[in-house]
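The block underneath contains the structure these notes are about, expressed in structure tokens.
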Amino acid sequence: MSLRSISAFAQTCKVNHHSVTSFFKHQIHCLLAHTFFDPQGFLWILEATQGTVLGSSVLHIIFSMCNNAWQAKDVDMYVPLGRCQPIFNYLKHKGFVHTSSYSPHPYSGSLIQSISTMEQDASKVDVIESQHDTALSPIFDFHLMAVMNYITADSVFAAYLSFTNDHQAIINPELFVEGSLNPATLCALVKYEQRGFTINPGCVNLLWKQRLTKDRECFKMMLNPLEERSMEATRMAEFSWILERG
């Protein structure tokens, strides 16, 4: 079942909406259980820090109703500026060890403040700190639109519904700025191609167009009723971005 079909099915009645949200909640708990053994505890921390989970683990959840879903291995977590410490404390309590930290060069143009890796046995968590008071700002600066998807404590989101649904991965035009297309990025492009995505160069029609996380071109499934959503979730509900050729 495609993302668009899932969204349409969920809107037909309250019972179907509940069925879809329950399914996604189950998939999120299954994904997190492989890494944290305490999915609900991790979601509480995710909510308290206004964090998001990004990357191939989210595509695993999005495509979980399809036959081509893959098993995600690692978790990439994004948090606002200054919100890392509660995550570190939680992971250390769960037996994770802090193995590396990295800060991008201040003139690299990245919207990332720091990247920290924590590991336990075969599980790895990358905690990426944004340069801003929202975890969302680095997400729409990435190399590939297939990566512009995330989950929060109570939502599932895909920025480019049609492209993601069709396994089309459009390259962010910013990559063609001098110095941006590096070996690490090329490896990431190859990874998604190996997972069934067709890699396409930037699409001119996508440039300089303001987008909102609530517009029709997005897939967004809120997993909790309005009355159960926290203030943190409400503050993260809207974000706008524009893709520009640098």
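Position 1 is the first residue of the sequence; numbering continues from there.
Checking Ser7 against Gln11 by side-chain atom types alone, a donor-acceptor pair falls below 3.5 Å. In the model, Thr152 has a side-chain atom that pairs as donor or acceptor with a side-chain atom of Ser155 under 3.5 Å. Side chains of Ser137 and Ser130: a donor on one and an acceptor on the other come within 3.5 Å. Ser101 and His98 form a side-chain donor-acceptor contact under 3.5 Å, judged by distance and modelled atom types alone.
Leu91 has its side chain out of reach of Gln120: every pair of non-hydrogen atoms, C-beta onward, lies at least 4.5 Å apart. When side chains are defined from C-beta on, Leu31 counts as touching His60, because their heavy atoms get closer than 4.5 Å. You'll find the side chain of Phe157 stays beyond 4.5 Å of the side chain of Ile151, heavy atoms only. Side-chain contact between Thr49 and Pro86 is present, with heavy atoms from C-beta onward closer than 4.5 Å. Residues Thr21 and Met221 meet the side-chain proximity criterion, which asks for heavy atoms closer than 4.5 Å. No side-chain heavy atom of Asp76 sits under 4.5 Å from any side-chain heavy atom of Tyr150. With contacts defined as side-chain heavy-atom distances shorter than 4.5 Å, the pair Ile139/Leu136 qualifies. Side-chain contact between Ser22 and Lys25 is absent, with no heavy atoms from C-beta onward closer than 4.5 Å.
For the pair Ala153 and Leu46, the tightest heavy-atom approach, listed with the atom from each and the gap, is N-CD2, 3.7 Å. Pairing each heavy atom of Ser103 with each of Ser114, the nearest pair is OG-CB, 4.1 Å. The two residues Asp74 and Ser57 have their closest heavy-atom pair at O-CB, 3.9 Å. Nearest heavy atoms, Phe197 versus Thr164: CE2-O, 4.3 Å. Contact detail for Phe219 and Leu161: the closest heavy-atom pair is CB-CD1, 3.7 Å.
Formation of a donor-acceptor pair under 3.5 Å by the Asn16 side chain with backbone atoms of Cys13 is not found in this model. With hydrogens and angles disregarded, no donor-acceptor distance shorter than 3.5 Å links the side chain of Lys220 to the backbone of Ala158. A donor-acceptor pair is defined here as one N or O able to donate and one able to accept, closer than 3.5 Å; no such pair exists between the side chain of Asp121 and the backbone of Ser123.
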| field | Working for side chain to side chain contact (heavy atoms under 4.5 Å, CB included), residues Val156 and Asn149 | value | CA-CA 8 Å; Val156 178; Asn149 314 290; over 6 Å; no

| Steps toward side chain to side chain contact (heavy atoms under 4.5 Å, CB included) verdict (Thr117, Tyr102) | CA-CA 9 Å; Thr117 299; Tyr102 166 74; over 6 Å; no

| task | Would you sort out whether Asp133 and Leu81 count as a side chain to side chain contact (heavy atoms under 4.5 Å, CB included), showing the intermediate values? | result | CA-CA 5 Å; Asp133 60 357; Leu81 183 66; 5.9 Å; no

| query | Between Leu43 and Ile28, does a side chain to side chain contact (heavy atoms under 4.5 Å, CB included) hold up when you go through it step by step? | reply | CA-CA 10 Å; Leu43 289 173; Ile28 291 171; 4.3 Å; yes

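In this structure, Ile87 CD1 and Ser116 OG are separated by 11.0 Å, a value rounded to the nearest 0.5 Å. Summarising the geometry, atom CZ belonging to Arg83 is positioned 15.0 Å from atom CD belonging to Gln113; distances are rounded to the nearest 0.5 Å. Summarising the geometry, atom OG1 belonging to Thr198 is positioned 4.5 Å from atom CD belonging to Gln168; distances are rounded to the nearest 0.5 Å. For the atom pair CD1 (Ile6) and CD1 (Ile62), the distance works out to 9.0 Å, reported to the nearest 0.5 Å. Between atom CH2 of residue Trp44 and atom CD of residue Glu47 there is a gap of 10.0 Å, rounded to the nearest 0.5 Å. Going from atom CG of Leu111 over to atom CD of Glu129 covers 13.0 Å, rounded to the nearest 0.5 Å.
For an aromatic pair to be called close, the ring centres must be under 6.0 Å apart, and His167 with Phe63 satisfies this.
Between Phe42 and Tyr90, the ring planes are tilted. Angles from 30° to 60° get that label.
The environment of His132 atom NE2 is dense: over 12 non-hydrogen atoms of other residues, nucleotides or ligands sit within 6.0 angstrom. Atom CG of Asn89 has more than 12 heavy atoms from other residues, nucleotides or ligands within 6.0 Å. At most 12 non-hydrogen atoms from other residues, nucleotides or ligands lie less than 6.0 angstrom from NE2 of His18.
Residue Phe9 is grouped with residue Phe24 when hydrophobic side chains (ILVMFWY) are merged at heavy-atom distances under 4.5 angstrom, including chains of intermediate members. Note on Tyr192: it does not cluster hydrophobically with Val190, by side-chain heavy-atom contacts below 4.5 Å among ILVMFWY residues.
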